[in-house]
Asker: 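This is the structure I want to talk about, given as C-alpha cells.
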Amino acid sequence: MSIKAIRGMKDVMGTEVARWRLIEAVARKVFRAFGFSELRTPILEKTELFARSIGQATDIVEKEMYTFRDRSGDSLTLRPEATASVVRSYLEHKIHRRPGPHKFFTIGPMFRHERPQKGRLRQFHQLDAEVLGDPGPQVDAELMVMLTQLLQALELDNVELVINSLGCPVCRPDYRRALVGFFQDRTDQLCDDCRRRLEVNPLRVLDCKSEGCRAAAADAPATIDYLCADCADHYQEVKRLLELSSVAFREDPRLVRGLDYYVRTTFEAIAGDLGAQNAVAGGGRYDPLVAELGGEANGAIGFAAGIERLSLVMGAEPPTDRPELFVAALGDQARDWVFPLVAELRSAGLWVEMTSQDKSLKAQMRRANKLAADAVLILGRSELDAGRAIIKQMADGSQQEIELSQLGRAVRLLKRD
RNA sequence: GUGGCUAUAGCUCAGGCCGGUUAGAGCGCCAGGUUGUGGCCCUGGAGGCCGUGGGUUCAAGUCCCACUAGCCACCCCA
C-alpha cells in the first residue's frame, strides 16, 4: 500500500457511517422543529472572508488554514468553520432584505491544519446552526434549547451546558482594562504564553489550563461584573428563559471563545469523557460580524457541533440493517430461474442477497446467517422438478414449500416496514 | 508547532530487555465433519517485504538513526 489518506483525514466507514447518519437524521429532525432550513455553501472561499471574520490574530487564521493560490492566482481557503460562509451567503443573496429572522443549518466538512489527536482531525465535520436578523435574547435561549434537545436525542449523558456573557463593544473595553490591570500585578505567576496573551488577547488568559495561571486567575474580575446595562439585561433574560424551559446550565465567567467575533452570549457543551478535546459544541452571539462583512448589524448567533466528537460520546446506537431474503440457488438452472425474480424483488425495495459463485448449500446458509437475513429461499434441481421452492425462516428454522408461480407474491410479504 | 508512547496476519495483540532454524495466538475468512440446510462444537487450510529507508553485525521482527503515520498530552478548538 503506497498511497494512503493524508494526515488527519479519515475514511468514515462501516458502523461509523451508521452513527453519522443517525446524528444527521436526528439533527435534521430537531432543526426542522425549530424552523431551520438547510443551506449548502461551497467548501472553498476567498481567504479574505476568513481573515476578516474570524480575526487576523487568531490561531485559526495565523497558522491553521489550508490556504493556496488557484490557477488564476486568487488566494483561496478550505473553510475552517461554517459561520463566515453562512453570513457571506446571507449577505450575497440579500436575504437580510426579506422578513426575518433567518434560520439556517449546514452540515459538512471543515479543515484546520492542526496536529491530530483524539477528537481532533484536519478534516472534521460539523453540524452548524445560525440565526440572522434577531438581536434579542429569546433567540439565544431558543438556540440553546435546541442544542440541548439535540444532545438529549443523541443520548449524550455526562454533558454540561456552560454559558457566559462576553459583553459588547460598549462594556468590553472597561473589562479588558480591569483584567489587564489585575494580571499585571501577578505576571510572575503566569506562563510564557499568557504573558504574551496579556498583550494580544487578555481574555484568553482565563481559560489557560496551566496550574499557575488557573491559580492566578481564580480571583480575576469576571466579564459578567462589568457588563453594561443592556448586556446585563440581555444575559438575565437568556438565563430566565433557559430556566423556564428547564434547561440545565452552569455559568462560567471564564468561558471565552477562540474567535474574535463573539459578543454577549457564549456557550459550550462540554463532554465529560472526551479527554482534552472536550467541547462537543460551541457557539455564541456575533452581532458585529455581519457589519464587518458589509451588512447591517441586526443580530446574529449560532453554534457548531462536532460530528466526530458527538459520535465518540453519544449513547444512541444506530439500528442495524439486514437483508430480508437470501437466495440460495443450486446450479445454473436454478440460478437463471431466480435471477429475474431477485431483480424484481429488489425493485420492490427488498434487500435481497445472492452469491455469485456456485457454492454448497451449507456455505450459502452460513453466508445467510452471517448477513442475518430474515429468510432463505432455497431453489435447486429437486425444487425445480417439483415446481415448489423452499422458504426457510432463519429465526426459528421453520420451512415451507411454495409453488414457483406463487413465489414472488409470497416473498414480497417478507418486506419489513 | 513542542513532548511522550507506539507501528508484527483482515482485526486485537504476543515475540523485542538478553539479535541466531520454517514469526505465533485469539477473533475473522475458506473448506471438511450430512447425501442439499445457518448459529454451538471439532478438524484442516489460506493469509505476514514484522510501517518506510538507511546503519551496526557473520546474522536484525529484535540493536541504532532518519522519515512517515497513529495515539496521548501541550497548544487550540468542534
Side-chain angles (χ1 to χ4, degrees), chain A residues 1-10 14 23 54 58-64 80-83 107-129 147 191-194 196-197 201 204 207-211 213 255-259 262 267-271 274-284 302-313 326 328-331 334 357-384 390-399:
Chain A
M1 256 303 278
S2 50
I3 303 182
K4 295 193 207 157
I6 64 186
R7 185 136 132 109
M9 306 203 179
K10 286 215 283 214
I23 292 169
I54 298 171
T58 57
D59 277 10
I60 294 177
V61 172
E62 272 179 356
K63 48 196 189 199
E64 294 174 1
E81 56 110 36
T83 303
I107 301 176
M110 309 294 157
F111 302 83
R112 291 182 201 171
H113 191 103
E114 297 184 272
R115 182 105 169 231
Q117 69 182 77
K118 186 185 177 101
R120 188 168 80 184
L121 293 162
R122 289 184 174 181
Q123 175 176 335
F124 59 103
H125 299 76
Q126 289 185 335
L127 308 168
D128 183 84
L147 175 58
C191 66
D192 293 346
D193 280 336
C194 282
R196 185 176 52 81
R197 286 187 188 120
N201 194 347
R204 291 232 70 94
D207 73 349
C208 181
K209 277 148 191 147
S210 92
E211 201 76 24
C213 301
L255 177 67
V256 286
R257 316 235 73 249
L259 288 64
Y262 286 110
F267 54 97
E268 246 174 45
I270 307 284
L274 205 50
Q277 312 303 318
N278 61 0
V280 287
F303 73 78
I307 293 179
E308 286 87 351
R309 291 183 187 179
L310 289 171
S311 177
L312 281 171
V313 290
F326 185 95
L330 299 159
Q357 288 133 356
D358 200 15
K359 299 251 197 176
S360 71
L361 180 58
K362 182 176 189 153
Q364 298 196 60
M365 290 302 296
R366 261 204 276 266
R367 178 89 187 127
N369 186 60
K370 198 69 75 189
L371 290 167
D374 289 348
V376 176
L377 165 64
I378 300 170
L379 188 72
R381 179 88 251 156
S382 52
E383 285 76 19
L384 281 180
I390 297 169
I391 291 180
K392 173 166 182 155
Q393 299 297 330
M394 293 299 273
D396 60 8
S398 66
Q399 302 192 164

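We name chains A, B, ... by the order of the sequence lines, and we start the count at 1 in each one. Bear in mind that the values here come from a model prediction, so they are computed numbers and not experimental data.
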Asker: To the nearest angstrom, how far is A:Q364 atom CD from B:C29 atom P?
Answerer: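 Interatomic distance, CD of A:Q364 to P of B:C29: 16 Å.
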Asker: When rounded to the nearest Å, what value does the distance between C1' atoms of B:U68 and B:C29 take?
Answerer: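 30 Å, rounded to whole Å.
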Asker: Find the distance A:I60:CD1 to B:A78:P and express it as a whole number of Å.
Answerer: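 From A:I60 CD1 to B:A78 P: 6 Å.
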Asker: Would you mind telling me which residue lines up with the more 5' stretch of RNA chain B, A:A269 or A:M394, judged by nearest nucleotide?
Answerer: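 Nearest nucleotide further toward 5': that of A:M394.
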Asker: Which part of the nucleic acid, if any, lies within contact of A:A304, taking any heavy atom under 4.0 Å across all strands shown: a base, the sugar-phosphate backbone alone, or nothing?
Answerer: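 Touches sugar-phosphate only.
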Asker: OP1 or OP2 of B:C30 sitting under 4.0 Å from any side-chain N/O of A:K359?
Answerer: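 For B:C30, neither OP1 nor OP2 has a side-chain N or O of A:K359 closer than 4.0 Å.
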Asker: At under 4.0 Å between heavy atoms, what does A:I390 touch on the DNA or RNA strands: base, sugar-phosphate, or nothing?
Answerer: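 A:I390: base contact, heavy atoms under 4.0 Å.
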Asker: If I pick the P atom on B:A7 and the same atom on B:C13, what distance separates them, to the nearest angstrom?
Answerer: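 It works out to 10 Å between them.
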Asker: Could you pull out the protein-nucleic contacts involving nucleotides 67-72 of chain B (nitrogen or oxygen on both sides, under 3.5 Å)?
Answerer:
residue, atom, partner, partner atom, Å
B:G70, OP1, A:G8, N, 3.0
B:G70, OP2, A:R7, NH1, 3.0
B:C72, OP2, A:K118, N, 2.3

Asker: Contact class for A:K63 vs. all strands (heavy atom < 4.0 Å): base, sugar-phosphate, or nothing?
Answerer: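 Nothing: the residue A:K63, judged by heavy atoms under 4.0 Å, touches no strand.
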Asker: Going by the rule salt bridge (charged side-chain N to carboxylate O under 4.0 Å, His left out), which residues pair with A:R381 if we only count those two or more places apart in sequence or in a different chain?
Answerer: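 Residues passing salt bridge (charged side-chain N to carboxylate O under 4.0 Å, His left out) with A:R381: A:D385.
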Asker: Quick one: A:E64 CD to B:U2 C1', roughly how many Å, whole number?
Answerer: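 A:E64 atom CD is separated from B:U2 atom C1' by 15 Å.
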Asker: Could you check whether any side-chain heavy atom of A:R309 comes within less than 4.5 Å of a side-chain heavy atom of A:K118, counting everything from C-beta outward?
Answerer: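 Answer no - side chains too far apart.
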Asker: Can you tell me the distance, in whole Å, between the NZ atom of A:K392 and the C1' atom of B:G39?
Answerer: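 After rounding, the gap between these two atoms is 10 Å.
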Asker: Would you indicate what A:E383 reaches in the nucleic acid, counting non-hydrogen atoms under 4.0 angstrom: base, sugar-phosphate, or nothing?
Answerer: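 Touches a base.
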Asker: Go through the structure and list residues passing side-chain contact (heavy atoms from CB on, under 4.5 Å) with A:P109, not counting sequence neighbours.
Answerer: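 Checked A:P109 against side-chain contact (heavy atoms from CB on, under 4.5 Å); matches are A:I43, A:R79, A:F111, A:Q123, A:H125.
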Asker: Which whole number of Å gives the distance between the C1' atom of B:U21 and that of B:G10?
Answerer: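 It comes out at 29 Å once rounded to the nearest Å.
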Asker: For RNA chain B, produce a single dot-bracket line, 5' to 3'. Pairs: Watson-Crick or G-U wobble, both distances under 3.5 Å. Symbols: ( ) within strand, [ ] crossing, | other strand, . unpaired.
Answerer: (((((((..((((......[...)))).(((((.......))))).....(((((..]....))))))))))))....
Asker: Please state the P separation for the pair B:C17 and B:G51 - nearest whole angstrom.
Answerer: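 Taking atom P in both B:C17 and B:G51, they lie 15 Å apart.
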Asker: B:A23 and B:G15: how far apart are their C1' atoms, nearest whole angstrom?
Answerer: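 Roughly 8 Å separates the two C1' atoms.
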Asker: What integer distance in Å separates A:R381:CZ from B:U35:C1'?
Answerer: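 Interatomic distance, CZ of A:R381 to C1' of B:U35: 17 Å.
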Asker: Going by the rule side-chain contact (heavy atoms from CB on, under 4.5 Å), which residues pair with A:E64 if we only count those two or more places apart in sequence or in a different chain?
Answerer: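 side-chain contact (heavy atoms from CB on, under 4.5 Å) list for A:E64, sorted by chain: A:D59, A:I60, A:R112, A:E114.
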Asker: For B:C67 versus B:A9, give the span between their C1' atoms, rounded off to a whole number of Å.
Answerer: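 Each nucleotide's C1' atom is 25 Å from the other's.
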Asker: Using atom P in both nucleotides, what's the gap between B:A31 and B:G70 to the nearest angstrom?
Answerer: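 Roughly 37 Å separates the two P atoms.
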Asker: Check nucleotides 32-34 of chain B for protein N or O atoms closer than 3.5 Å to its own N or O atoms and list the pairs.
Answerer:
residue, atom, partner, partner atom, Å
B:G33, N7, A:K362, NZ, 3.3

Asker: Between B:A73 and B:G26, how far apart are the two P atoms, rounded to whole Å?
Answerer: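 It works out to 34 Å between them.
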Asker: Only distances under 3.5 Å count here; give the side-chain donor-acceptor pairs of residues 364-379 of chain A to other protein atoms, sequence neighbours excluded, each with its distance to 0.1 Å.
Answerer:
residue, atom, partner, partner atom, Å
A:Q364, OE1, A:T355, OG1, 3.3
A:Q364, NE2, A:A329, O, 3.1
A:Q364, NE2, A:K359, O, 3.1
A:D374, OD1, A:R322, NE, 3.0
A:D374, OD1, A:R322, NH2, 3.4
A:D374, OD1, A:R416, NH1, 3.2
A:D374, OD2, A:R416, NH1, 2.5

Asker: Output yes when a side-chain donor or acceptor of A:R122 lies under 3.5 Å from a complementary backbone atom of A:P116, and no otherwise.
Answerer: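 Checking the backbone N and O of A:P116 against the side chain of A:R122, no donor-acceptor pair under 3.5 Å is found.
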Asker: Quick check: any donor-acceptor pair below 3.5 Å linking the side-chain of A:Q399 to the base of B:U37?
Answerer: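 By the distance-only test, yes, there is a pair.
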Asker: A:I378 near the nucleic acid: base, sugar-phosphate alone, or nothing, with a heavy-atom cut-off under 4.0 Å?
Answerer: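 Base contact - A:I378 has a heavy atom under 4.0 Å of at least one base atom.
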Asker: Of all residues at least two apart in sequence or in a different chain, which pass the side-chain contact (heavy atoms from CB on, under 4.5 Å) check with A:L121?
Answerer: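 For A:L121, the residues satisfying side-chain contact (heavy atoms from CB on, under 4.5 Å) (neighbours in sequence not counted) are A:K10, A:F124, A:E308.
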Asker: Step by step, would you call A:I307 with A:I107 a side chain to side chain contact (heavy atoms under 4.5 Å, CB included)?
Answerer: CA-CA 9 Å; A:I307 293 179; A:I107 301 176; 3.9 Å; yes
Asker: How close or far is atom C1' of B:C75 from atom NE2 of A:H113, stated in whole angstroms?
Answerer: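 My rounded result for the distance is 14 Å.
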